[in-house]
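The structure presented is a predicted model; accordingly, all values stated were derived computationally and were not measured. Heavy-atom basis, side chains included; hydrogens, waters and symmetry copies ignored.
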Amino acid sequence: MNVEDKKMESNNINENQFQGSTDVIYEIPVTVTAVLGRVVMPISQVVKLGRGAIVELNRKVGEDIEVHINNKIIARGEIVILDDNKIGITMSEIIKKDSSAVDGMRGNIC
């Protein structure tokens, strides 16, 4: 058996090993975060914050919020009110890996 045969056999073993087991990928937990806005402030201001304090964010009412998975932006969307006093997000834009957006794709995260 030459080097190429061994390499092909090794590839076949790896491929066969993972065929049908891709379902485990769907069980990996990820952190989904909805970012309403951001602000940078010095620690001196942060320690003065108390109950009822207002922190002005860099977004306006009605602007899309960002949806992040594991600290990477994946979509933009709007906040929606759901039943039972819960909120969700209707995604209006999916961000592709190359930072471009795919318009018209809609989905919900609750």
Report yes if some heavy atom in the side chain of I81 is under 4.5 Å from a heavy atom in the side chain of I87; otherwise report no. yes

Under 3.5 Å, side-chain donor or acceptor atoms of residues 24-50 against the rest of the protein: list the pairs with distances, not counting sequence neighbours.
none

For the CG atom on N71, are there more than 12 heavy atoms of other groups (residues, nucleotides or ligands in this structure) within a distance under 6.0 Å? no

I89 vs V80 side-chain heavy atoms within contact, under 4.5 Å: no

Once you round to the nearest 0.5 Å, how far does CG of D64 lie from CD of E78? 5.5 Å

When rounded to the nearest 0.5 angstrom, what is the spacing between CG in L82 and OG1 in T90? 8.0 Å

Check whether any side-chain heavy atom of I94 sits under 4.5 Å from a side-chain heavy atom of I74, and report yes or no. no

Spacing of I79 atom CD1 and E63 atom CD [to the nearest 0.5 Å]: 12.0 Å

What I'd like to find out is whether the side chain of R76 reaches to under 4.5 Å of the side chain of V67, using heavy atoms alone. no

Which pairs pass salt bridge (charged side-chain N to carboxylate O under 4.0 Å, His left out) with one or both residues in residues 49-60, sequence neighbours excluded? R59-E66

